[in-house]
Amino acid sequence: MSLAVAAVVGVTSFSPYVAAAVSNQEIQQKRNAINSIQSKQSSLQRKMSKADQQIEQLQTQQAQLAEEMKKLDMAVSETSEKIGNLSQTIDDTKQDIQVLKKEIAEVQARIEKRNELLKERVRSLQQSGGVISYLDVLLGSQSFSDFINRISAVTTIFEADKQIIKEQEADKALKEKKENELTSKLTALQNDLKELEQLKQTLNQQMDEKGQLIARLKQQEQDVSEQKLALAEEQELLKKQEAAIRAQLQQLLVKQQQEAARSSSSSNSSSSNVPPVTSGAFMWPAAGSVTSGFGPRGGEYHYGIDIAKRGESVPVVAAADGYVFRSYYSSSYGNVVFISHVINGQVYTTVYAHMASRLVSEGQTVSKGQIIGYTGNTGQSWGVHLHFELHRGPWNAAKSNAVNPLSYIN
């Protein structure tokens with residue numbers, strides 16, 4: 001933040017018309033600051049790549065958790081259905097028990113009523129002398145017909161007593177059967193109630209597990225969101241810092257060029273590290289000599305040319321009017337700028353790699369001869385130079401459109 005504030009203050013307070021001369025040390029300090037920020041951006045990019053991997057892993061874990069939650073929801077649904085069915089069974093059993101109790105009570109009432117009747121019959125027999133009384137009845141007949149009638153009456157009484165006893169025994173058996181059925185229903189009811197309690201306990205446990213899974217998903221989502229937000233804020237801060245310092249550097253370079261122009265005009269000296277704008281489609285992108293040409297090199301293929309000026313970091317300019325579609329730090333190219341050109345209806349792409357610093361940003365339009373950076377030794381490079389590529393068509397990783405720049409530069 002301090003660097004950003006200092007950069008902004010520097011931009012707002014700087015004027016290209018300040019009398020003090022611009023020193024190379026000032027320019028180098030700005031370049032060093034830009035390089036430092038770009039190094040931080042490269043580190044941040046690695047962190048963001050790592051964060052993306054972590055996010056991908058978290059998303060995979062979340063997908064797995066989602067599957068677990070789906071299974072858990074199905075288990076909860078099945079358990080709830082079982083509880084509903086079992087609750088209905090328990091209710092039906094309770095109704096059956098009430099019906100059995102009522103039936104048993106009715107049978108018991110009949111049994112008790114017959115018991116009273118049988119007790120009354122026994123008392124009557126005891127009082128009248130039992131079987132002898134029946135003989136007296138038979139022997140007391142006045143005629144044969146009367147005797148037959150009396151036998152029929154006695155038989156009817158005996159049969160009635162036998163029927164009462166038979167019904168009494170049947171009711172007792174029915175009562176025992178009902179009581180056994182009642183006992184069985186009660187046992188089943190107790191077992192069902194126990195199973196219901198276990199199912200409810202299982203359901204509560206499943207609901208707790210589901211709650212924990214949901215909490216884990218929410219926490220993971222929150223952690224990922226906070227991590228992405230922090231990285232995005234840091235990235236935005238670095239971009240603003242770099243933009244502020246680039247603005248300062250550009251003003252210093254403009255002022256230095258103005259001073260150099262005035263000095264050159266006064267001394268009639270034509271020497272300059274900025275290559276002159278020439279006719280033709282493309283111009284030289286940097287002052288110096290070609291130290292490595294286009295074509296096979298050391299068992300590999302060199303898809304561009306290397307331009308260097310011994311012991312110096314010199315300005316790099318746009319080889320033609322174009323549009324900057326990529327400006328970043330690459331692990332292989334180092335500080336690199338990609339510019340797209342359309343010349344006579346043909347698309348070309350130029351690449352400027354291994355620069356010490358970049359002075360243009362993505363989305364910027366540049367003109368032929370405009371300074372876009374300075375030669376350097378960043379990325380996979382050995383020695384200060386500019387690696388320059390020219391592609392007839394869009395750039396691709398296979399570099400199938402690469403052509404020899406020397407065939408196109410005037």
Side-chain angles (χ1 to χ4, degrees), residues 1-49 230-260 273-274 285-286 308-309 311-318 324 326-339 352-364 366 370-381 383-387:
M1 288 299 293
S2 299
L3 181 57
V5 172
V8 173
V9 171
V11 171
T12 56
S13 63
F14 181 83
S15 171
Y17 303 104
V18 175
V22 176
S23 67
N24 289 331
Q25 183 179 2
E26 288 181 280
I27 293 176
Q28 190 59 44
Q29 286 176 346
K30 298 301 180 187
R31 290 175 180 166
N32 291 340
I34 291 174
N35 289 337
S36 176
I37 290 176
Q38 290 174 346
S39 178
K40 291 179 182 178
Q41 288 177 325
S42 178
S43 176
L44 178 61
Q45 189 62 44
R46 289 193 294 270
K47 289 180 181 179
M48 293 186 72
S49 297
L231 289 172
E233 288 178 350
E234 186 177 356
Q235 187 179 45
E236 185 64 23
L237 178 61
L238 288 175
K239 285 181 179 178
K240 290 183 178 179
Q241 288 177 344
E242 183 180 3
I245 297 176
R246 283 187 182 281
Q248 287 182 319
L249 178 59
Q250 185 65 28
Q251 288 178 331
L252 289 173
L253 290 171
V254 169
K255 184 181 178 183
Q256 188 182 56
Q257 289 176 4
Q258 290 172 347
E259 292 172 351
N273 282 332
V274 179
K309 192 168 185 180
E312 292 188 53
S313 177
V314 298
V316 176
V317 301
V324 179
R326 196 79 167 96
S327 175
Y328 74 114
Y329 181 87
S330 164
S331 59
S332 58
Y333 275 138
N335 283 315
V336 61
V337 171
F338 290 74
I339 301 178
Y352 311 78
H354 306 310
M355 292 189 292
S357 61
R358 293 173 281 115
L359 302 181
V360 291
S361 303
E362 294 177 6
Q364 184 175 340
V366 295
Q370 179 179 336
I371 297 176
I372 62 173
Y374 283 82
T375 58
N377 190 27
T378 59
Q380 296 179 6
S381 169
V384 177
H385 71 285
L386 170 69
H387 173 77

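Here the straight-line distance linking atom OH of Tyr328 with atom CD of Gln45 works out to 10.0 Å at 0.5 Å rounding. Atom-to-atom distance recorded for Asn35:CG and Lys40:NZ is 12.5 Å, nearest 0.5 angstrom. With rounding to the nearest 0.5 Å, the separation of CD in Gln38 from OG in Ser357 is 7.0 Å. Residue Ile37 holds its CD1 atom at 7.0 Å from CD of Gln41, rounded to the nearest 0.5 Å. Expressed to the nearest 0.5 Å, how far OG of Ser331 lies from CD of Gln380 amounts to 6.5 Å.
In this structure, Phe338 and Tyr333 have perpendicular ring planes: the angle between them is above 60°, well past the 30° mark.
Within the 3.5 Å criterion, the main-chain N or O of Thr378 finds no donor-acceptor partner in the side chain of Asn335.
Closest approach of Ala356 and Ser313 over heavy atoms only: CB-OG, 4.5 Å. Nearest heavy-atom pair across Asn377 and Gly383 is OD1-N, 2.9 Å. Closest approach of Leu44 and Gln235 over heavy atoms only: CD2-CA, 3.3 Å. When every heavy atom of His354 is checked against every heavy atom of Ser332, the shortest pair comes out as CE1-O, 3.3 Å. Smallest separation of non-hydrogen atoms from Val337 and Ser327: CG2-OG, 3.9 Å. Here the shortest heavy-atom pairing between Leu386 and Met355 reads CD1-CG, 4.3 Å.
Using a 4.5 Å heavy-atom threshold, the side chains of Gln370 and Val360 count as touching. Taking the side chain as every heavy atom from C-beta outward, Val324 and Val366 approach each other to under 4.5 Å. Put simply, the side chain of Thr375 does not reach to within 4.5 Å of the side chain of His385, judged on heavy atoms. No side-chain heavy atom of Tyr352 sits less than 4.5 Å from a side-chain heavy atom of Val336. In this structure, Leu359 and Tyr374 have side chains that are in contact, with non-hydrogen atoms separated by less than 4.5 Å.
Gln28 is linked by a side-chain hydrogen bond (donor to acceptor under 3.5 Å, both in side chains) to Asn32, counting only residues two or more places apart in sequence or in another chain. Checked against side-chain hydrogen bond (donor to acceptor under 3.5 Å, both in side chains), Ser39 has no partners two or more places apart in sequence or in another chain. Contacts of Ser43 classified as side-chain hydrogen bond (donor to acceptor under 3.5 Å, both in side chains), with partners at least two apart in sequence or in another chain: none.
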